[in-house]
Asks: 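Below are the structure tokens for one structure; questions will follow.
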Amino acid sequence: MTTVSVEDLARACTSVGDLLAEVRPEQWKEPTPCTEWNVREVVAHLVDMDLVFAAMIEGGPMPERGVDRLGDDPVGAYRSSSASLLAAFSAPGVLGRSYRGPLASATGAERLQIRLYDLLAHGWDLAQAVRIPARLPEDLAERALAFARAQLSTQPRAGRFAEPCPVEDTAPALDRLAAFLGRPVPPHGEP
């Protein structure tokens, strides 16, 4: 199985941050393909998950649920949480250790890949919602898709992801990842 590095995760975090910097003030309440959340709520989820993964890796207390971490600066909150996430994954020995999670134990390297596919999928959601080209690393999307396929072949999707949606075999890896995780992907060339 192809692995990803902390540097790869940093590239994805930066790409999503760059996308968020393009969101106009009136777009924060736009619906997303992740139907239960609007743009701001997807960003809140990304921030929360960055902090949950950092706490898991660092062995610290889990962040309090239901807290508005975005305030008046969603982009700044996202960049700050990404920095915390990257710092946690960059500590010596993290990728080889095992960490207990809600579904099972996994190594730091596996946790990094889980965080990556969630981040890329929600980056796709955000790009679709605000109609900005998803300039997310295609090579990482390809590796994230391979990891997600392998992982979800042994774990339940219920409560986490919808069933895969149809997508063209020739679609970009990011679209194929989104479709595999249950997002309806418009035919290539459509908004």
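Hydrogens, waters and symmetry mates play no part in the numbers below; they use all other heavy atoms, side chains included.
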Asks: Quick check: do Cys165 and Arg183 have side-chain heavy atoms less than 4.5 Å from each other?
Replies: no
Asks: Could you check Leu119 against Cys13 for side-chain contact (heavy atoms from CB on, under 4.5 Å), going step by step and ending with a plain yes or no?
Replies: CA-CA 8 Å; Leu119 176 63; Cys13 288; 3.8 Å; yes
Asks: Strictly distance-based, threshold 3.5 Å: is any side-chain N or O of Glu41 a donor or acceptor partner for the main-chain N or O of Asn38?
Replies: yes
Asks: Is Leu120 close to Leu174 at the side-chain level, that is, under 4.5 Å between some pair of heavy atoms?
Replies: yes
Asks: Within a strict 4.5 Å, meaning less than it, do heavy atoms of the Leu126 and Val23 side chains meet?
Replies: no
Asks: Quick one: does any side-chain atom of Thr32 pair with a main-chain N or O of Ala129 as donor and acceptor, under 3.5 Å?
Replies: no
Asks: Can you give me the closest heavy-atom contact between Arg176 and Ala171, atom names plus distance?
Replies: NE-O, 2.9 Å
Asks: Identify the two heavy atoms, one from Val4 and one from Asp8, that lie closest to each other, and give their separation to 0.1 Å.
Replies: CA-OD2, 3.4 Å
Asks: Quick one: SG on Cys34 to CZ on Phe161, what's the gap to the nearest 0.5 Å?
Replies: 9.5 Å
Asks: Passes side-chain contact (heavy atoms from CB on, under 4.5 Å), Met62 versus Met56? Steps please.
Replies: CA-CA 7 Å; Met62 284 293 149; Met56 181 189 313; 3.9 Å; yes
Asks: Can you tell me if Asp125 and His122 form a side-chain donor-acceptor pair at under 3.5 Å?
Replies: yes
Asks: Given the ring of Phe53, does Arg115 sit roughly above its face, with NZ or CZ under 6.0 Å from the centre of the six-membered ring and within 45° of the axis?
Replies: yes
Asks: For Arg97 and Pro92, work out which heavy atoms get closest and say how close.
Replies: NH2-O, 3.2 Å
Asks: Rounded at 0.5 Å granularity, tell me how far OH in Tyr117 sits from CG in Leu177.
Replies: 9.0 Å
Asks: For Gly71 and Arg40, which heavy atoms make the closest approach, and how far apart are they?
Replies: O-NH2, 3.0 Å
Asks: Does the side chain of Glu36 reach to within under 4.5 Å of the side chain of His45, using non-hydrogen atoms?
Replies: no
Asks: Any non-hydrogen side-chain atom of Glu110 less than 4.5 Å from a side-chain atom of Phe147?
Replies: yes
Asks: Taking all non-hydrogen atoms of both residues, which atom of Ala55 and which atom of Pro61 are closest, and how far apart?
Replies: CB-O, 3.4 Å
Asks: Do Ser80 and Arg69 have side chains that get closer than 4.5 Å, going by heavy atoms?
Replies: no
Asks: Quick check for you: to the nearest 0.5 Å, what is the distance between Asp18 atom CG and Glu22 atom CD?
Replies: 8.0 Å
Asks: With heavy-atom distances below 4.5 Å as the criterion, would you say the side chains of Ser84 and Asp50 are in contact?
Replies: no
